[in-house]
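Data first, discussion second: the structure below is written as structure tokens.
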Amino acid sequence: MYKKLALAMMMFLFLTPLSMAEFPSDVTILDKSSIAKLTDDQILDVYENTLVEIEANRTFHATSGFSPKEYKDFKALLKFRLLLLIEIHSRNLELPQF
């Protein structure tokens with residue numbers, strides 16, 4: 001009986017932090033002078049990646065978390081959506097409403 005309880009407690013203590021772990025960010029925080037040195041394309045790319053990272057982190061913490069592959073796939077999907085929105089905006093198209 002005590003062995004089962006001890007095993008259950010050990011599993012809880014060791015596995016819980018792993019499930020609550022956070023994925024490392026792909027975004028590098030730049031200072032003001034580094035941002036000023038970026039080209040237009042670079043600054044747009046950094047902004048897009050930052051938006052994707054923020055949304056992925058928000059979604060990750062709002063759910064029970066993703067596996068590393070699911071997290072990477074979800075970030076790719078967010079990036080794709082953002083690029084579509086940018087292209088739609090540049091063509092002055094209206095977004096479809098559901």
Could you note down all residue pairs passing salt bridge (Lys or Arg N to Asp or Glu O under 4.0 Å) where residues 27-36 supplies at least one of them, sequence neighbours left out? none
To the nearest 0.5 angstrom, please state how far the [atom1] atom of [X] sits from the [atom2] atom of [Y].
X: Leu93; Y: Leu85; atom1: CG; atom2: CG; value: 11.5 Å
X: Ile35; Y: Gln42; atom1: CD1; atom2: CD; value: 12.0 Å
X: Leu82; Y: Leu78; atom1: CG; atom2: CG; value: 8.5 Å
X: Leu77; Y: Glu70; atom1: CG; atom2: CD; value: 12.5 Å

Test side chain to side chain contact (heavy atoms under 4.5 Å, CB included) applied to Asp45 - qualifying residues, sequence neighbours left out: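 Partners of Asp45 by the side chain to side chain contact (heavy atoms under 4.5 Å, CB included) criterion, ordered by chain and then number, come out as Glu48, Asn49, Lys79.
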If hydrophobic clusters are built from ILVMFWY residues whose side chains come within less than 4.5 Å, do Ile86 and Phe80 share one? no
For the student: nearest non-hydrogen atoms of Glu55 and Phe74, plus distance: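 For Glu55 versus Phe74, the nearest heavy atoms are O-CE2, 4.5 Å.
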